[in-house]
Amino acid sequence: MRLLTILGCIFLSLSASGQSEIESLLKEIDREIDRSGFYVSRHEAQITDARHQYASASQTSVKYGYALQLYELYKPFVSDSAIFFLTEAIKLADQVGDRSEAVRCRALMALRCSNVGMYDEALITLDSIQTDGVSKDALGEYYKARNNVYNELAYYTQLNNMRQHYWEEAGKYEALMYETLPENDMDCMLRRELAKMNSGDLKGSMKINDEWLKSVEKGSHPYALVTLYRYLEYKAQGDTLQMMKWLTESVLADIRNGVMDQGSMWELANQLMLMGDIDRAYRYISYTSDCAGRYGSRQRRWQITPLLTAIANNYKAKSEQTTSQLWGAVGAISVLALLLLGVLFFLHRRNKQLALARNALHDTNAKLASLNEELQQTNNQLSETNEQFAVLNSKLKEANSVKDEYIGRFLSLCAQYVDKLDNYRKMVNKKMKNKELDELFRITKSTELKEEEIEELNQNFDSVFLHLFPNFIDDFNALLVPETQIHPKEENRLTTDLRIFALIRLGIEDSSKIAEFLHYSVNTVYNYRARIKNGAVGNREAFERQVKELGMPR
């Protein structure tokens with residue numbers, strides 16, 4: 001509560017121009033999120049080119065270089081793929097007989113494992129490394145990996161005595177890392193900056209960040225990291241405008257580089273929730289959660305889940321408050337309508353009385369006729385207002401129904417996926433203990449699990465959607481000529497065509513978002529939409545608008 005009070009005072013202290021600048025930056029993030037599909041596709045194209053070069057390389061040393069390149073491309077994109085190509089690089093370094101490169105790759109593997117929460121695997125990998133006679137760079141990477149895993153263990157352990165032990169080990173390897181690696185090494189600069197910041201030397205830590213910022217290319221993935229730490233610098237200084245400016249710089253760099261491991265967006269969602277911007281916070285944390293799911297990091301999911309739950313609860317509370325206000329407005333208008341009906345009834349009786357004295361009160365009757373015409377216009381306006389409220393109430397009921405159904409199913413799926421991840425962890429752990437590495441490699445290499453999960457996701461979506469819109473298939477076919485109508489082979493299932501237009505019915509019109517949900521390319525989704533619209537009974541340009549008006553959820 002005290003933290004919220006402090007943050008509230010900070011944001012209230014912003015000038016109008018500062019608030020306007022922050023709002024402008026947030027709108028830019030909104031636009032870039034809408035274009036994120038383009039950035040992801042661009043990164044995937046780079047990966048595809050590198051994979052072709054890797055597959056076609058005949059010399060082991062050349063193949064090793066492409067394996068490391070693929071590791072760097074996958075590192076912020078898909079964790080499992082990054083580990084796979086790093087494993088390939090280790091094999092190739094061993095084949096070449098370059099011990100220094102083999103040690104460096106194994107140190108990178110340990111570092112990657114610790115960054116995604118695989119601490120046992122990281123320590124086992126490090127314990128297997130023999131550092132005698134290796135190059136200074138390789139030795140530095142080894143010390144760096146040791147320092148990182150002990151820092152992570154110290155941060156997450158619940159045992160105070162073990163925390164002290166881990167801090168001591170981390171400090172020992174940090175000193176060795178400084179002795180071995182050059183001063184401008186990114187991780188060395190990061191740790192020096194953190195050390196000065198934690199000790200209260202904000203001037204010294206900012207000086208390091210200034211040097212670090214000059215060494216990276218603006219807009220690059222390393223730029224996202226240095227600007228994130230620059231945000232922490234200004235946060236420690238209490239400079240809210242600069243703090244938000246550099247945080248958004250980090251977020252934009254992550255989006256534009258197609259990064260799936262997004263710590264900056266998670267931090268921004270948290271700040272916006274504290275500022276009271278629940279709608280944006282919910283959108284940003286949902287986007288981050290989707291990216292984390294694609295990236296495949298347990299650690300990032302652990303960080304996101306509590307914040308996602310908190311924002312979802314706030315979002316629900318805000319929605320309920322808005323609904324209550326709307327009902328209050330409907331009630332007030334209903335009372336006014338009754339009052340107007342009473343006035344109309346009174347005037348009707350009065351007109352009868354005036355008709356008996358029409359000759360004597362002709363002028364008065366003319367005035368009353370004019371008043372009656374005005375009241376009739378008011379009544380017409382009231383009828384239109386009531387119709388608008390009826391439409392609004394219908395849409396609100398639909399939105400609440402869809403929201404409640406999908407929030408419930410979302411929370412259920414989250415719980416199921418937690419259980420599946422734990423079962424998968426137990427299976428991997430068991431096979432590791434039994435040294436069934438070939439079997440484990442076969443399982444992790446196969447895409448069968450991903451395909452099963454996608455099929456299950458489609459089944460869940462079909463089930464929930466057809467529960468909400470039971471007549472959707474018949475209503476949809478009514479918009480098509482008979483020869484192009486779609487009839488699913490399985491009961492309570494949608495075809496790909498129907499699933500695309502089901503998402504459009506829910507308000508998801510962007511082909512890139514539909515493609516991301518269904519795991520198709522944007523061109524494939526576009527072709528499906530065009531083919532179905534060509535079979536429309538009426539105007540094909542109005543077809544999707546007609547689809548969005550189909551049915552009401554029960």
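Formation of a donor-acceptor pair under 3.5 Å by the Ser56 side chain with backbone atoms of His52 is found in this model. His43 places a side-chain N or O within 3.5 Å of a backbone atom of Leu73 that can act as its donor or acceptor partner. Formation of a donor-acceptor pair under 3.5 Å by the Ser24 side chain with backbone atoms of Ser20 is not found in this model. Thr87 places a side-chain N or O within donor-acceptor distance of the main-chain N or O of Ile83, the cut-off being under 3.5 Å. Between the side chain of Ser463 and the main chain of Gln459, no donor-acceptor pair closer than 3.5 Å is present. Remark: side-chain polar atoms of Asn257 are not paired, donor with acceptor, to backbone N or O of Val259 under 3.5 angstrom. At least one donor-acceptor pair closer than 3.5 Å links the side chain of Gln485 to the backbone N or O of Asn477.
For Glu28 and Arg256, the salt-bridge test passes: some basic side-chain N is under 4.0 Å from an acidic carboxylate O. Taking the charged nitrogens against the carboxylate oxygens, Arg280 and Glu23 do have a contact shorter than 4.0 Å, which makes a salt bridge. A salt bridge does not link Glu516 to Arg294: none of the charged nitrogens lies less than 4.0 Å from a carboxylate oxygen.
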Item to check | Stepwise side chain to side chain contact (heavy atoms under 4.5 Å, CB included) test for Thr524 and Leu518 | outcome: CA-CA 11 Å; Thr524 300; Leu518 298 178; over 6 Å; no
Next on the checklist: Using the rule given for side chain to side chain contact (heavy atoms under 4.5 Å, CB included), can you reason through Leu503 versus Lys513, listing the C-alpha separation, both sets of side-chain angles and the distance that settles it, and then say yes or no?
Outcome noted: CA-CA 10 Å; Leu503 289 169; Lys513 294 188 179 296; over 6 Å; no
Item to check | Criterion side-chain hydrogen bond (donor to acceptor under 3.5 Å, both in side chains) on Asp30 and Tyr284, from CA distance to verdict | outcome: CA-CA 9 Å; Asp30 294 337; Tyr284 290 174; 2.7 Å; yes
Next on the checklist: I'd like to know whether Ile47 forms a side chain to side chain contact (heavy atoms under 4.5 Å, CB included) with Val78, so could you lay out the CA-CA distance, the side-chain angles of the two residues, the decisive distance to 0.1 Å, and finally the verdict.
Outcome noted: CA-CA 11 Å; Ile47 290 174; Val78 180; over 6 Å; no
Item to check | Tyr39 vs Ile255, side chain to side chain contact (heavy atoms under 4.5 Å, CB included): CA-CA, chis, key distance, verdict | outcome: CA-CA 7 Å; Tyr39 297 122; Ile255 296 173; 4.1 Å; yes
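Looking at heavy atoms from C-beta onward, Arg529 lies in side-chain contact with Ile514 at the 4.5 angstrom threshold. Taking the side chain as every heavy atom from C-beta outward, Asp254 and Asp261 never approach each other to under 4.5 Å. Using a 4.5 Å heavy-atom threshold, the side chains of Arg505 and Glu544 count as separate. Side-chain contact between Pro488 and Leu498 is present, with at least one heavy-atom pair separated by less than 4.5 Å. Looking at Phe476 and Ile532, their side chains come closer than 4.5 Å, going by heavy atoms from C-beta outward. Residues Phe77 and Tyr295 fail the side-chain proximity criterion, which asks for heavy atoms closer than 4.5 Å. Side-chain atoms of Glu121 and Met109, non-hydrogen and from C-beta on, never get closer than 4.5 Å to each other. Inter-residue side-chain proximity for Met118 and Arg112 is flagged as unmet; no heavy-atom pair is nearer than 4.5 Å.
With a 6.0 Å radius and a threshold of 12 heavy atoms from other residues, nucleotides or ligands, Glu483 has its CD atom above the threshold. Residue Glu455 places its CD atom among more than 12 non-hydrogen atoms of other residues, nucleotides or ligands, all under 6.0 Å distant. At most 12 non-hydrogen atoms from other residues, nucleotides or ligands lie less than 6.0 angstrom from CZ of Arg51. Around the CG atom of Asn539, the shell of radius 6.0 Å holds more than 12 heavy atoms that belong to other residues, nucleotides or ligands. Around atom CZ of Phe517, more than 12 heavy atoms belonging to other residues, nucleotides or ligands sit under 6.0 Å away.
Closest of all the heavy-atom pairs between Tyr74 and Ser81 is CD2-CB, 3.3 Å. Minimum interatomic distance between Val522 and Ser512 (heavy atoms only, all atoms of both residues): CG2-CA, 3.8 Å. When all heavy atoms are compared, the tightest approach of Ser36 to Tyr287 is CB-OH, 3.4 Å.
Figure legend: Lys91 and Phe441 shown as a cation-pi pair, the cationic atom lying under 6.0 angstrom from the six-membered ring centre and within 45 degrees of its axis.
Side-chain atoms of Glu217 and Tyr223 form no donor-acceptor pair, as typed in the model, at a separation below 3.5 Å.
Using a 30° and 60° split on the angle between ring planes, Tyr528 and Tyr520 fall in the tilted class, from 30° to 60°.
Remark: aromatic rings of Phe85 and Tyr66 are distant, center separation not under 6.0 Å. Aromatic ring centroids of Phe501 and Phe543 lie under 6.0 Å apart.
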